Amino acid sequence: MSSSQPDERIRRVFAPNLGGMSNSPILYQTKENPEWWRSSVIYQIYPRSFADGNGDGMGDLKGIEKRLPALAELGIDAIWCSPFFKSPQKDAGYDVSDYKDIDPLFGTLADFDDLVKEADRLGIKIIVDLVPNHSSDQHEFFKAALAAGPGSPEREMYMFRDGKGENGELPPNNWESVFGGIAWTRITEADGKPGQWYLHIFDSSQPDLNWDNPKVRDMFDGVLRFWLDRGAAGFRIDVAHGMIKRAGLPDVAVADSHMGGAKSEAQMTIRELEEKNPFWGQPEVHEINRRFRKVLNEYEGRAMCGEAWVMPLERMATWVRPDEYHQTFNFGYLETPWNKEKLHKVVTESLKVFGDVGAPSTWVLSNHDVIRHVTRMGYDQIPKQGDGIGPNSPQPDEALGQRRGRAASAFMLGLPGGAYIYQGEELGLPEHTTLGEAYREDPTFFRTKGERVGRDGCRVPIPWEAGVNESNGFSSTGASWLPQPDSYKKYARSNQEGVAGSTLELYKRLLKVRRELSMGAGNFRWAPEYQDGNTLAYINNGVLVLSNFGPDAVVVPAGEMLATTQHDLLIEGELEIDQTVWIKL
Ligand code: GLC
């Protein structure tokens, strides 16, 4: 079976029927197939910024534990926690120096055990964020590799190469770091002379591990089992498309030519896309996916979601074939703007390509790497992801972003499959778009000398109790590792709790209805009979989800109104621009 051609037998069993018949129930969580991850709502916690339990301004595991009841009330099934492992924090914990311990910033292993126990009591699973593509340069294996010298087994744990040029003074190839600059750093050898180079697709503090080395594979089997034994429900796997680099580490082709003309990525076949970039999405990475899956299969009811930024979605779907990941983040969906035609296309395509391999699609709008979606949607021209927004950038239209963002969330949470929510999203929390340079921590900011301000704006600590202190209750002391913008007071949870029409109450309602009517395991179809030129409509398990993209208001079809982003809809009777309603037909 080639990577682009899912097995025909699987296609027949699993393909969803988008024309109006029911989906195969096997795709989603049912009595016959009780795999929770198929239809779950997973809430991403960025531990630095969720809740601070000890008042030092940095979020921690005890803080999370204390706030669990609020998440249970929100109605989520699981938490994905961004990394809390021992780390010098050069990339906010995605630079791990010990995969089997907790960084003192966040607590202890005992705190993790308490968290799992308390979450379990509340019916919430805990998913750990594993970072296998690279370690920290402070990991004992990297320190040993530096000390051991060229050609040693220690160096074989990472990607060391001699440089080009007469004296090895040029990097081994032309690869660039995701965070800016070249992807290689030259070291000084023990004799004090300039020596080999090591590869880092991200920051220089994050050397890439050598996944062709069986020792690396064995080491991670152990790491997976360590957290599974401690009760983790599974993993979010960081950079799941990057672990294998093409043999020989060839240069990235600067311009692709085919039949005499350059092809855009959209025109390329999957094979051509694999060829184009020698460090993303190489075919051999699927062996690693299968290896991880085998370890997870040793345990009951665990799942893993891969961060596989590979497009098109048909290609991403090859990461979730039956013996690979359970889920991937649907970045095609995340990147889709609030646009009727584009949403119709991406949902149709997602259900088709993931359905073809027997995996439910996931749906996601925000995470710790992208501009928060209520802010993105406040622009006509969306700023480039990863670049961030700073005080000198054009500023978003806040009210527009709130309206579209809420409508987009209500559209998303009605879809069948897995849904992801990023902390603060349930408050309609915007990006911090005017964070000063002095506060920047993202390596992107430093590696591009401030040209790309980076991702800190979506990582600001979240407000709990309005006005109790400087950080609106994030910490007991008011301390906060990044300052909140003034607007966070208004968005604080305490200002929304029990307030009709608030974003928090909207999310609670959507998740409650989603659960009660099993929409996560639903029977989806487009509903053109409820659409006019401005609207997009689908029906899932008897619930009509109708979104208006404007400009004119539309009459709401008859039926019981289950949820709405438009607070006064019952009085007005017409659904306005940038609003979504759920109706029980
Ligand atoms: C992933 C993470 C991101 C991190 C990078 C390097 O993309 O989501 O936050 O910087 O990997 O680990």
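When a ligand or atom number is given, it counts from 1 through the structure's own listing order. A quick note: this is a predicted structure, and the numbers were derived from the prediction, not measured.
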* Is the closest basic N to carboxylate O distance between Arg291 and Glu324 below 4.0 Å? -> no
* **Test of ring centre spacing under 6.0 Å for Phe474 and Phe50** => no
* Asked: Is Asp129 salt-bridged to Arg236, cutoff N-O under 4.0 Å?
  -> yes
* Sub-4.0 Å heavy-atom contact, His200 with ligand 1 -> no
* Asked: Taking NZ, NE, NH1 and NH2 as the nitrogens, is one of them in Arg452 or Asp387 under 4.0 Å from a carboxylate oxygen of the other?
  -> yes
* List the closest protein heavy-atom neighbour of atom 7 (O) of ligand 1: residue, atom name, distance to the nearest 0.1 Å. => Glu307 OE2, 2.7 Å
* To do: Apply the side chain to side chain contact (heavy atoms under 4.5 Å, CB included) test between Trp80 and each candidate in Tyr420, Tyr46, Tyr422; give the one that qualifies.
  => Tyr420
* To do: State yes or no: are the ring centers of Phe279 and His241 separated by less than 6.0 Å?
  => no
* **Atoms in ligand 1 with a heavy atom of Arg455 nearer than 4.0 Å** => 3 (C), 4 (C), 9 (O), 10 (O)
* With a cut-off of 4.0 Å, which atoms of ligand 1 are near a heavy atom of Val239? -> 11 (O)
* Asked: Does at least one non-hydrogen atom of Phe179 fall below 4.0 angstrom from an atom of ligand 1?
  -> yes
* Asked: Think Arg447 forms a cation-pi with Phe179, using NZ or CZ under 6.0 Å from the six-ring centre and within 45 degrees of its axis?
  -> no
* Among all protein non-hydrogen atoms, which one is nearest to atom 11 (O) of ligand 1, and what is the separation to 0.1 Å? -> Asp238 OD1, 2.9 Å
* **is_close_aromatic(His134, Tyr158), centroid dist under 6.0 Å** => no
* To do: Would you mind running through ligand 1 and noting each atom that sits below 4.0 Å from a heavy atom of His368?
  => 2 (C), 3 (C), 8 (O), 9 (O)
* Asked: Going by the order shown, which atoms of ligand 1 are within less than 4.0 Å of some heavy atom of His134?
  -> 6 (C), 12 (O)
* **Protein contact to atom 9 (O) of ligand 1 [nearest heavy atom, distance to 0.1 Å]** => Asp369 OD1, 2.7 Å
* **Arg38 bridged to Glu35 by N-O distance under 4.0 Å** => yes
* Counting each atom of ligand 1 from 1 as listed, which ones have a heavy atom of Arg236 under 4.0 Å away? -> 2 (C), 8 (O)
* Asked: In ligand 1, which numbered atoms sit nearer than 4.0 Å to a non-hydrogen atom of Arg459?
  -> 9 (O)
* Can you tell me which residue and heavy atom of the protein come closest to atom 10 (O) of ligand 1, and the distance to 0.1 Å? -> Asp91 OD2, 2.6 Å
* Closest approach of any protein heavy atom to atom 5 (C) of ligand 1, naming residue and atom -> Phe202 CE2, 3.8 Å
